[in-house]
Amino acid sequence: MGKVASAIDSKLRTAFAPARLAIEDESSKHHGHAGWREGGETHFRVEIVSAAFEGQNRVARQRLVYAALKQELDAGLHALALTTLTPAEDVRRG
């Protein structure tokens, strides 16, 4: 796991105590596109399941994640593809 991925993992675990967290570096799929840089760690897919999302709509959940990762976004993290679920939503999705 790279430096940015490790920071994402650590910050999301601290902020949301997720029941499940999956982080995938998709930077190689964006080679030559906006925001891409040599070495990757610019584009991530994140799936997070947390009770902290209860009562929050999709946009509010994403704002919470973006706020937790503000430092990484300011430092060059270009894109996050987010799936944010409550534990009950995750079970239904099963």
Nearest 0.5 Å please: distance from the CZ atom of Arg20 over to the CD1 atom of Ile48. 10.0 Å
Out of curiosity, does Val91 fall in the hydrophobic cluster containing Phe53 (side-chain heavy atoms, cut-off under 4.5 Å, transitive links)? no
Val46 and Leu69, any side-chain heavy atoms less than 4.5 Å apart: no
Closest heavy-atom pair and its distance - Ala17, Ser50: O-OG, 4.4 Å
Got a sec, which pairs hit salt bridge (Lys or Arg N to Asp or Glu O under 4.0 Å) with one end in residues 72-81, sequence neighbours left out? Lys11-Glu72, Lys70-Asp74
Using modelled atom types only, decide if a donor and an acceptor are shared between the side chain of Thr42 and the backbone of Ser27 within a distance under 3.5 Å. no
side-chain contact (heavy atoms from CB on, under 4.5 Å) evaluation trace for Asn57 with Arg63: CA-CA 10 Å; Asn57 67 28; Arg63 285 183 180 148; over 6 Å; no
Interatomic distance, Met1 atom CE to Ile8 atom CD1 [nearest 0.5 angstrom]: 9.0 Å
Less than 4.0 Å between a side-chain N and a carboxylate O, is that true for Glu89 and Arg58? no
Considering all heavy atoms, the nearest Ala68-Ala15 contact: CB-CB, 4.2 Å
Measuring from Phe44:CZ to Ile23:CD1, what's the distance to the nearest 0.5 Å? 7.5 Å
CG/Asp9 to OG1/Thr14 distance, rounded to the nearest 0.5 angstrom? 9.0 Å
Other than Val49, what residues sit in its cluster of Ile, Leu, Val, Met, Phe, Trp and Tyr side chains whose heavy atoms are under 4.5 Å apart, directly or through others? Leu85
Quick check: do Thr86 and Arg61 have side-chain heavy atoms less than 4.5 Å from each other? yes
At their closest point, which heavy atom of Ala52 faces which heavy atom of Gln56, and how far apart are they? O-CG, 4.1 Å
First locate atom CG of Leu82, then atom OH of Tyr66, and finally report the distance between them rounded to the nearest 0.5 Å. 5.0 Å
Hey, what do you get for CG (Leu64) to CZ (Phe16), rounding to the nearest 0.5 Å? 5.0 Å
